[in-house]
Structure formats: C-alpha cells, structure tokens
Protein chains: 2
Amino acid sequence: MSNEHRPHRAVSAATLADVARAAGVSEITASRVVRGRGPISAATRAKVEAAIAAVGYVPNRLAGGLASAGSNLVGVVLPSLSNSVFPDVLSGLNGAIAGERLRTLVAVTDYDLDAERDAVAALLAWRPAALVLVGLEHRPETREMLAASGATIIELMDIEGDPVDLAVGLSHTAAGAAAARRLLARGRSRIGYVGHGAGDLRAAKRRAGLEAALKRDANLTLAGAHVVDAPSSVGAGRAALAALLEVAPELDAVVFSNDDMALGGAFHCMAAGVDVPDRLALVGFNGLELANALPKPLTTVRTARGEIGRIAGEVLCARLRGETPPKVTDVGFDVVAGGTD
Amino acid sequence: MSNEHRPHRAVSAATLADVARAAGVSEITASRVVRGRGPISAATRAKVEAAIAAVGYVPNRLAGGLASAGSNLVGVVLPSLSNSVFPDVLSGLNGAIAGERLRTLVAVTDYDLDAERDAVAALLAWRPAALVLVGLEHRPETREMLAASGATIIELMDIEGDPVDLAVGLSHTAAGAAAARRLLARGRSRIGYVGHGAGDLRAAKRRAGLEAALKRDANLTLAGAHVVDAPSSVGAGRAALAALLEVAPELDAVVFSNDDMALGGAFHCMAAGVDVPDRLALVGFNGLELANALPKPLTTVRTARGEIGRIAGEVLCARLRGETPPKVTDVGFDVVAGGTD
DNA sequence: TGCATCAATGACAGCGCTGTCATATGGCGT
DNA sequence: ACGCCATATGACAGCGCTGTCATTGATGCA
C-alpha cells in the first residue's frame, strides 16, 4: 500500500545483461552492438537489436562513462542566455558536435566569475570530454581546476589574453577600433558611448578599443558616455540614449555596447524625432539578424556567433581525435554598413 | 616517448579514496562530508575538507550516479534557441532548480518530433531525475520511453491535451481567441494573419483559436493569410507582411504568429509608410521585452515565459521531494494593450 | 545500575558497463 | 598439411562511488 516515490529510477530498467540474455549472447557482445564497435556478424547484430527493442533497453551512460573513464558530455559555461548571442553560439556548437555523439551540459553564470568557478567545478564532476567557456578572464582557482582536469578547454569569443588551452574568437579591441574608424571616416567627431553593466568584459574591451582609436587617429576623446548598471536590453538602450542626449545634445554619433542597446537607441530616436543618421549616427555591435530588418538597417560590427560555436565544435572534435588544432582561431568581424551612420 | 592523447581523463584524478587516506578516515566518511549527509563531527569535517583541498578532489558524478541509481540532471528538450522564448524558459528553470543542486542537460530539436524522440532517448541514458519537454504532442515512441522511464516528466507551454505526467503552460487556443476579441472590440473587421513554419504546433493552436473566435463572435473568417515556410524571425515577418498587403491591401488588422514576426511587420509598416494603428492594427504574441521598447509598443498577448520555467522547476522539486504537485498548472496570459491596435 | 537511544564512523558489496586479454573459427598461401 | 592472420565472440576485473547494515562509545532516564 506504500505510495512511495522513486523519482530517480525506472521501475526496473533493463540492463545490458537483460539484452544479452534475451539475445543469447554475452554482455560484451551486446555492448559492442549498442556502441557500434568491433566486428559483429550481421546475424548477431540483428538478434541483439531485436532484443534491445523487445526489452526496451536504454543504455546507462553513468555506468558507461564510469567504465570508460570519461563521458561524451561537453560542459558549456555561458554568461547569459538573455540576448541571442550565446544561444546562437550554443546552436552552432551543438550542430558541430552532434555528429560525434557529444552532448552539451550547460551552465549559466550571469557574468559572475564566482558563479563561473562553481559551474566549472560542477561540470568537471561529469568528467566531460571538453569544457567550453566564454572569455579569457577567470578566477585563478578556475584556471587551476581547468588545467588540472586534463580535459580539452575551449575559450570562446575573445582572443586577447592567455588561453588556458584553445581559443576561438576575435579581437574586441580591434572591433571597437573599427567602429571608431568607421565614424571618423564618415566625418563624425562628437562621438558618445552607451554601455551596459560591468560584468561584460568583452564590451569593456570594445569600448577601450574605441577610445584608443579615437585618440590615436583623431586625437578625440568620447564626447559623452552613459553606462547603465544592468544587463544589456533594448529598453535599457532606449533609456540610456535618452539620458545621454539630455546631458550631451551636441553628439553627432553614438556607439553602443551591443545591438540590443543600439536597437533601443534607434527606437528612442524614432520616438523622439531625432533624425538618424543626419543628426545622429548610431553604431551597434554583434550584427543581430533583427537589427538588419529595421526600416534603416543598423550599422554594426558583425561577429560570426554561430560560426564561433561551429568552429569551436570542430576544433574540439579535432582535439578529441588526437589531432593538434590551432591554439587560437581568429574568426574576425565585419563592419556592416547599414543606414544609421 | 608516446605522445598519446587521453582526452577523456585527467592525468590522474584524485578519488575519494585519496581524500580518505589523506584525512585518515574511511571512504564513506569522506563521502558523507562531500555530500553533506549524515552526522559528522566538526573535527572530522575539517580534516576531510582540508584533504579535499590538498589533493584537489573533484567528485565523480558518473560513479556517484551509478552507485545511487540516478543523476541530479534534469533533461530539457527545447524546440529552438533562436528567439528569446526558450532561453527565457530555460533561465527560469535553471534559477528554480539551482538550489536543489540539479543541472540541466539541454537538447534542441528544431521543432522536429523525430529529433525530439532521439533527444529523449539520449537524455534518458543519463538517468535524469526529471525530463522537461515542450508541448504535449510527441511521437508515440517518445511517450512510451517517457512513461517507461519512471522519471518525472514535465511538459511546458501548453495545457491543451493529455500530459504524460505534469504540465505547466497556458491555453494557446484561448490566447488566439483573446487576440480576436481584442481586435473585434477595437472595431476591426478585415483581419489577416501572418505565420511561420509548420513545426510550431502552439502557433497553430493560436491561429485556430483566433479563427474560431472570429467565427463565433462576429461570424468572420480571416481576410487574408500569409505563412512563411521557415522558422519565425523578424526578417521573415517583415517580408511576409509586405507580401500579404500586396494581395490583400484592404486589411485593417493583422495578427502575427509571434512577436518576432510582428516586429518585422511593424518595421515593414514604418518603412512603407503604413499608418499603425489607424490604417492597420498589429497584434503579436509572447510579450517580448523588446517589443515593448518600440516607439509604439506592440499590442501583444504576453506569456510568462520565465515564470513557466520557474514554476516548472518548483513543481519538479516538489515531486522529487515526494509531494504531489498539481498535474496541470495554468499560468495564463495577458493581453498587453500597446500602441499598435 | 541497566537498557534504550543516539551520534559518529566503518566494512562490504555492488551499481551497469567497458578495457584488456584470451579463445574459437575459418580461409589462405605455400 | 601447416602455420598465419583476420574475424567473431567471450571471461574477467574493476571504474569510483553510495546504500545498507554493523559497530562503538556516550548519553538519557527510570
């Protein structure tokens, strides 16, 4: 009469031994059929496959991983899922590793390096074949764990710094500089900046690259800046540009920390009747699909996000096959000339 | 001299036995400290914790899961990551289960029910504590696997149908009907529809609800429809509305399959000089943050996406604790009166 | 004082699978 | 006829951990 719950376990999951018995072969032979390894005669394979279907066998990767000293999981630590950037990366990665029967185990840190450390520890407990993180800046303990794990480590998005193992990304400093040069070439000189919360280290590098290039190429400094203490969002961008123009109405261009923020800026301009680009130029960063569908497509610096994920997956597979992929892969970026500058 | 790669394993990972030896206690005692179970004296705990740090111990969840017949993983099968809807759900879920030391193992199906079946099989191999899917429609084999697994199953987003176990969502038929009633109340009568690819069953239910309510309440049928054979996107929405207005210029309102599509529609109207809402009303679905930052905020039917994830996490935790959560949780929806109707 | 109770710790087996090595079988060249 | 190799299969141990039950003192209470 017990109404006891056994949340963790199937009532009585079939094991490989059940399959083997049903097929009249040994466990190891059944195992080989399941994994597609080793020489198996067609007749045996058919028997085992029938047995698998008959008993409803689902392999137990916990046992398999333990026995073979490692899982087919790829740990992925992402700062956020709230704009499309990291989901795009994740999709690219998923697509590239699906063929190798690898799966992603995802953790999200909200741009918190302590949360990243904890996530790495938790993911390492699954003995992943590889671990994918974002950025090159981590807590020292994180780097130690990564190095000690012996797993393949891939750091995404950024290549300016010292990778633990492998890196796939781009130079955000250069991307910021490209935005600066673009605006200077278009004759802008009173350039402002709208940014978002401090956790995003790559956005900070872009801003630094922007300021450095303005200084170097035209001896300019930012004519105004407004940074919201919050994650990036369209609403935040809209409010931030409004606030910035309030105190610095003379600006003739604004660079945004990313496209979400820039989109908000574009919406503010539409609503407030600010003429874009004649009165004010807007430049974003990322190259989201959405920003290209605007009545005036956003001028932005496009990063190949899906591509970064895909290449990371390929680099990872190469390493797992025992090859030696390049330590750093620079996927670069494009300045997309839209209608807002 | 061998340059052999051991991709899967740390050079020599410390085990619980190493910790126990270093701490001068038995393995099981070390295990209890690691897991925070059972009565442990403060002195012993301190010794073991020091040993853990000294040897750099990282627990092996593969072994732990095998020994205790179940993992602390929650398998999550999502149709897509390409608009913010499912990332939002996932964030909510992650937040709600983090406290219980559960982790999500994510698979993406691209709205393909066969891919969903394969994903379920793959996730089940990890003996997850629970499995979270989207929608109530699955292949028969999928349902069988789910039922046979004995795990807690939660189906998200939809509540119209027969849940395998637990469901958290809303009535999309009712949401579609709400959009219809909203437009009728605003005096619209020549109502069109812009939709996206066939895999999205919930979008189809919304359309059905829309059409049924138009018929029932005003004896109207759709005055035009354009459905793109592609995933939803802002660009697709923009192109689709342009195409629809080409063949049905007399429309005075358009309902979109979701906010991404509607945003594209809004952009088309801005670009083509279609006066919204005087000449044409636009209604979306989802209530994305972004759509609310438009110069004219989008009128839409908001679903509590993060909330659905959060509640799913709570329902799940309740079940794992042995409680009996409600079989179906209706989170409802809100009609958000924006400026586009 | 004696006995139940509780806190703290340990011994042992086994979770389900796979790596390693061994074995059986048949074809083939000489 | 003989060894040799490739193919097909199996026996066995053990991966690292935890559930179960046992053990040891210390404590409470009549």
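With C:dG10, D:dG10, C:dT18 as the candidates, the nucleotide lying closest to the side chain of A:Ser68 is C:dT18. The side chain of A:Ile28 has D:dA11 as its nearest neighbour among D:dC21, D:dA11, D:dT18. Side-chain atoms of B:Ser31 lie closest to D:dT18 of the nucleotides D:dG10, C:dC17, D:dT18.
Look at OH on B:Tyr57: it is 10 Å from P on D:dG16, rounded to the nearest Å. Computed from coordinates, the B:Arg32 CZ to C:dA8 P distance equals 11 Å when rounded to whole Å. As a whole-Å value, the separation of B:Glu27 CD from D:dC15 C1' is 12 Å. Note: CG (B:Leu16) to C1' (D:dG19) measures 14 Å, nearest angstrom. Between the P atom of D:dT18 and the CG atom of B:Asn72 lies a distance of 11 Å, rounded to the nearest Å.
Inspection of the A:Arg35 and A:Ser31 side chains reveals an N or O donor paired with an N or O acceptor under 3.5 Å.
Contact check, B:Ser26 against C:dT9: no side-chain N or O comes under 4.0 Å of OP1 or OP2. The phosphate of D:dG16 (OP1 or OP2) has no side-chain N or O of B:Thr15 nearer than 4.0 angstrom.
In this structure, A:Ser71 contributes its side chain and A:Leu73 its backbone to a donor-acceptor pair below 3.5 Å. Between the side chain of A:Glu155 and the main chain of A:Val164, a donor-acceptor pair closer than 3.5 Å is present. With hydrogens and angles disregarded, a donor-acceptor distance shorter than 3.5 Å links the side chain of B:Ser68 to the backbone of B:Gly64. At distances below 3.5 Å, at least one donor-acceptor pair connects side-chain atoms of B:Ser91 with backbone N or O atoms of B:Pro87. In terms of modelled atom types and a separation under 3.5 Å, the side chain of B:Arg127 and the main chain of B:Leu124 share a donor-acceptor contact. Listed for the B:Asp110 side chain is no donor-acceptor partner under 3.5 Å among the backbone atoms of B:Asp112.
Near-neighbour residues of DNA chain C inside residues 59-67 of chain B, defined by a heavy atom below 4.0 Å, number-ordered: B:Leu66, B:Ala67. Taking every heavy atom of residues 37-49 of chain B and every atom of DNA chain C, pairs under 4.0 Å involve B:Pro39, B:Ile40, B:Ser41, B:Thr44, by number.
A:Asp165 has its side chain within reach of A:Thr152: a pair of non-hydrogen atoms, C-beta onward, lies under 4.5 Å apart. Taking the side chain as every heavy atom from C-beta outward, A:Val89 and A:Met157 approach each other to under 4.5 Å.
At a threshold of 4.0 angstrom between heavy atoms, the contacts of A:Arg35 are confined to the sugar-phosphate backbone, with no base atom among them.
Side chain A:Arg127 to base D:dG16: no donor-acceptor pair is found below 3.5 Å.
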